[in-house]
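Take a look at the structure below.
Here, residue 1 is the first one in the sequence, and each next residue gets the next number.
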Amino acid sequence: MVDIRDARQEQAARQAGDDRRRALQRVAAGAGQQWLASYERQAASMGSLLLAHVAAYWEGEVAAVIGERTTDVDALLERLRMAPEECAAALAALRADATAMQACLEGLA
């Protein structure tokens with residue numbers, strides 16, 4: 001009788017241990033799934049934030065480049081609109097500057 005009782009107690013202890021192990025595995029699996037879902041939500045939020053920052057940066061860059069190019073085009077248009085006398089005067093000034101620079105370079109050589 002004692003052997004049967006001991007065997008039943010041993011089997012019950014094993015069963016209880018198995019039940020605890022299975023319960024612990026279920027809890028661990030649930031915690032893992034919960035962590036993964038939380039990680040995915042955070043990653044999605046960070047991705048959205050990164051996209052917003054990149055878009056804002058490039059929008060600013062494009063606006064700045066367009067502004068610079070517009071200024072360049074306006075300056076070129078203004079030069080094209082100059083009267084022939086103004087063009088000749090500007091060309092003479094540029095040639096004088098070039099001659100002065102050339103003399104300076106020859107003096108350094």
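In this structure, the separation between OH on Tyr39 and CE on Met46 is 6.5 Å, given to the nearest 0.5 Å. To the nearest 0.5 angstrom, Thr99 atom OG1 is 10.5 Å from Leu94 atom CG. The distance from the CD atom of Glu68 to the OG1 atom of Thr71 is 8.0 Å, given to the nearest 0.5 Å. Atoms CG and CD, on Asp6 and Gln11 in that order, are 13.0 Å from each other to the nearest 0.5 Å. Once rounded to the nearest 0.5 Å, the distance linking CZ of Arg81 with CG of Leu76 reads 11.0 Å.
Looking at residues two or more places apart in sequence or on another chain, you find a side-chain contact (heavy atoms from CB on, under 4.5 Å) between Arg20 and Ala16. Applying the ring pair (Phe, Tyr, Trp, His ring centres under 6.0 Å) rule to Trp58 yields no partners; only residues at least two apart in sequence or on another chain are considered.
In this structure, Arg8 places its CZ atom where only 12 or fewer heavy-atom neighbours from other residues, nucleotides or ligands lie under 6.0 Å away. In the displayed structure, Arg21 atom CZ is contacted under 6.0 Å by more than 12 heavy atoms of other residues, nucleotides or ligands.
Although no hydrogens or angles enter the test, the distance criterion places no donor-acceptor pair under 3.5 Å between the side chain of Ser38 and the main chain of Gln34.
Using a 4.5 Å cut-off on side-chain heavy atoms (C-beta onward), Asp74 and Glu78 make no contact.
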